[in-house]
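Letters A, B, ... mirror the listed sequences (proteins, then strands); counts begin at 1. Heavy atoms only: backbone and side chains are in, while hydrogens, waters and symmetry mates are out. As the structure is a prediction and not an experimental result, all values here were calculated from the model.
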Amino acid sequence: MDPSGIFFTSHGSDRALVRTRPQAAALALLIAALALAPLVLSERWIALGYAMFIAMIAVIGLQICTGYAGQVNLGQSAFMGVGAYGCAWLLHFPQMPVVLALVLGGVAAAIFGALFGLTAARIKGFYLALTTIAAQAIFYFLVLNLPGEWLGGAGGLHLDNLQLMGFSLGNDRSIYWLTLAALMIMTTGAFGIIRSRHGRSFEAVRDDDVAAGMMGINVAAAKARAFLVAAFYAGIAGGLWAIALRHVSVEQFTLFNSIWMIAMMIVGGLGSIVGALIGTILIQLAREGVVSLGPQLVDLIPSAGQDIVFASMNVLLGTVIVLFLLFEPKGVMHRIEISKRAYRLWPFPY
Amino acid sequence: MTGSLTHTGQALGAHAVTLTFGGVTALDDVSIHVGHDELVALIGPNGAGKSSLLNVLSGFYRPKAGSVSFDGHDIGKWPVHRIARAGLARTFQGTHLLAHMSVLDNILVGRYAHMKCSLPSAFAYFPFAHREEVEHRQIAEEIIEFLEIEHVRHQPVGTLGYGMRKRVDLGRALAMEPRVLLLDEPMAGMNGEEKEDLARFILDVREARHIPVVLVEHDMGVVMDMADRVVVLNFGRKIADASPRAVQQDEQVIAAYLGAKA
Ligand SMILES: Nc1ncnc2c1ncn2[C@@H]1O[C@H](COP(=O)(O)OP(=O)(O)O)[C@@H](O)[C@H]1O
Ligand SMILES: [Mg+2]
């Protein structure tokens with residue numbers, strides 16, 4: 001809802017993404033700050049930064065599939081894997097340009113994802129969740145059982161000396177900028193999709209698939225499309241991950257990662273692109289906290305041993321997330337919307 | 001099958017339709033035809049099969065026997081969305097609105113099949129995609145203005161009162177630019193004034209678009225005022241199909257209504 005007193009003079013400006021001058025200025029500042037940050041940040045924060053950007057891309061895709069279209073998706077990590085392998089293979093063997101390999105890796109993942117989306121036409125909820133877990137199994141099976149010369153088997157594929165427009169991608173700063181640029185494109189694209197007829201068809205299918213069908217929406221196709229979008233986003237994220245680590249292997253793409261992404265999406269708030277971004281930041285920071293606090297705790301209580309400390313901290317983090325979901329099931333974005341509205345209407349309580 | 005599917009002068013028809021749920025026969029050998037630019041009222045006691053018949057006509061229920069035709073096509077095997085795209089729009093008895101979406105977005109969903117923007121061009125938000133959005137937004141705004149719901153256009157439909165929701169439901173159906181409109185008890189639960197408003201909207205639609213309408217309604221006054229023809233169902237059977245005046249004097253109809261009330 002807009003603050004009272006602001007009216008839009010045309011339907012075009014009413015639909016625009018950034019609608020007021022202060023909003024545009026704030027956004028420009030944020031982007032500039034993000035772009036300049038690696039010049040002052042330490043290596044570790046730069047690496048955390050691009051890891052977040054990559055995760056955000058995959059979580060945005062998940063948000064469109066689950067938050068908007070209402071389709072459970074536990075295959076996001078496997079879809080990332082397909083994109084990563086696709087991209088790495090194209091860079092390794094035909095030595096394609098980076099951007100082209102990234103996009104084609106995304107397309108490969110999208111096709112793989114849409115196949116699972118087709119099953120969503122027939123099944124819902126728990127059974128759909130099981131089916132998307134099968135994506136994980138199939139991904140593992142294919143990579144590990146295809147001839148070793150194809151995808152490198154258990155050892156994976158290595159990528160060396162990647163370049164983009166004459167710049168080496170061999171350092172963390174350039175990876176940071178590449179992933180930031182990708183995140184900006186993918187975020188803008190997500191807003192384009194959700195504001196289009198496709199976004200509305202996703203929400204219609206989520207809210208009431210009977211009505212959606214009667215409105216001329218092919219419900220089965222819409223669900224497949226939602227998975228296609230999710231897997232495309234995951235595929236781009238996976239390709240970036242391969243480029244960032246200069247290496248791909250199956251154990252980077254576990255079912256556990258899919259579950260983390262679902263947590264990020266829900267903590268941020270279902271059905272919000274910005275929520276996907278915020279949820280990813282919060283959870284990644286919390287996980288980073290666990291990773292950096294862990295060794296100190298191990299030093300403090302040597303008898304506990306490293307395994308136990310890390311395991312119990314992950315349990316603690318999991319508990320915090322579950323508690324959060326119990327008390328704030330609609331996510332951070334929902335809370336932000338409420339306080340924004342209250343602030344705008346102040347001093348008139350609603 | 002029946003050879004008379006392509007009846008000229010007939011927009012929509014069900015032919016000898018039988019529909020069962022387990023042991024319940026919801027529709028028993030029912031035929032109905034709706035002519036171009038005709039308002040047919042469908043009445044009958046509760047449980048008579050009125051909603052079932054609308055569901056059969058719109059492809060949501062598949063009858064055990066009989067056929068359904070629309071514009072000369074046998075649509076018995078068409079998926080629901082294809083029937084909708086061919087121009088059949090309906091409203092529901094209980095609202096099937098998209099509760100989390102705004103009034104405007106609900107109505108824009110009705111424009112879905114008229115828009116062309118592909119997924120990649122939505123992603124890139126090409127100028128074409130933007131122009132299309134604005135164009136269809138214009139059409140949605142005209143409907144919003146027509147139904148006098150401007151003040152709630154950005155409100156989620158779930159937060160609206162019953163009468164408003166029914167209007168949005170009608171608006172969404174109109175946004176489809178239907179060639180036939182099926183309305184399932186659009187005025188149920190409304191007060192006199194709300195009913196009058198909705199009746200006026202329906203009459204205005206007919207005047208502007210000249211499309212056939214099938215109206216399920218309980219209020220006899222409304223039915224007698226608006227309908228060109230009245231079809232009466234009772235226990236899944238058609239017991240009358242005539243002008244409002246003739247139906248009012250039909251003994252079987254009177255018995256059915258008295259019987260239902262007794
Ligand atoms: N989905 C369904 N499952 C089982 N029985 C149904 C279903 N829909 C309708 N019926 C039954 O069919 C009969 C006709 O119902 P309906 O068409 O809703 O009547 P009306 O709209 O005239 O009140 C009723 O006996 C009802 O119980
Ligand atoms: Mg009914």
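- Residue contact with chain B, scored on non-hydrogen atoms closer than 4.5 Å, involves the backbone and the side chain of A/Ile185 alike.
- Judged as a side-chain hydrogen bond (donor to acceptor under 3.5 Å, both in side chains), and not counting sequence neighbours, A/Tyr68 has no contacts.
- Listed options B/Ala113, B/Cys117, B/Ala84 were ranked by heavy-atom pairs under 4.5 angstrom with chain A; first place goes to B/Cys117.
- Remark: side-chain polar atoms of B/Glu132 are not paired, donor with acceptor, to backbone N or O of B/Pro127 under 3.5 angstrom.
- Residue pairs satisfying the salt bridge (charged side-chain N to carboxylate O under 4.0 Å, His left out) criterion with at least one member in residues 106-125 of chain B, sequence neighbours excluded, are listed as follows: B/Arg111-B/Glu177.
- Residues passing the side chain to side chain contact (heavy atoms under 4.5 Å, CB included) test with B/Phe146 are B/Leu174, B/Phe201, B/Asp204, B/Val205, sequence neighbours excluded.
- Interface residue B/Ser118: only backbone heavy atoms are found under 4.5 Å from chain A.
- Remark: the B/His100 side chain and the A/Glu203 side chain contain no N/O donor-acceptor pair separated by less than 3.5 Å.
- Here B/Phe21 and B/Tyr61 bring their ring centres to under 6.0 angstrom of each other.
- Across B/Leu53, B/Thr18, B/Thr20, a single residue satisfies side chain to side chain contact (heavy atoms under 4.5 Å, CB included) together with B/Leu27, and that is B/Leu53.
- Of residues 205-212 of chain A, those residues with a non-hydrogen atom less than 4.5 Å from any non-hydrogen atom of chain B are, in numerical order, A/Arg206, A/Asp207, A/Asp208, A/Val210, A/Ala211.
- Counting only distance, with no hydrogens or angles, the side chain of B/Lys166 and the backbone of B/Met187 share no donor-acceptor pair below 3.5 Å.
- The parts of B/Phe60 that come within reach of chain A are both its backbone and its side chain, each placing non-hydrogen atoms under 4.5 angstrom from that chain.
- When heavy atoms are compared at a cutoff of 4.5 Å, B/Met176 approaches chain A solely by way of its side chain, counted from C-beta outward.
- Between A/Phe79 and A/Phe112, the ring planes are perpendicular. Angles over 60° get that label, and only those under 30° would be called parallel.
- At a 4.5 Å heavy-atom cutoff, B/Arg131 makes no contact with chain A through either its backbone or its side chain.
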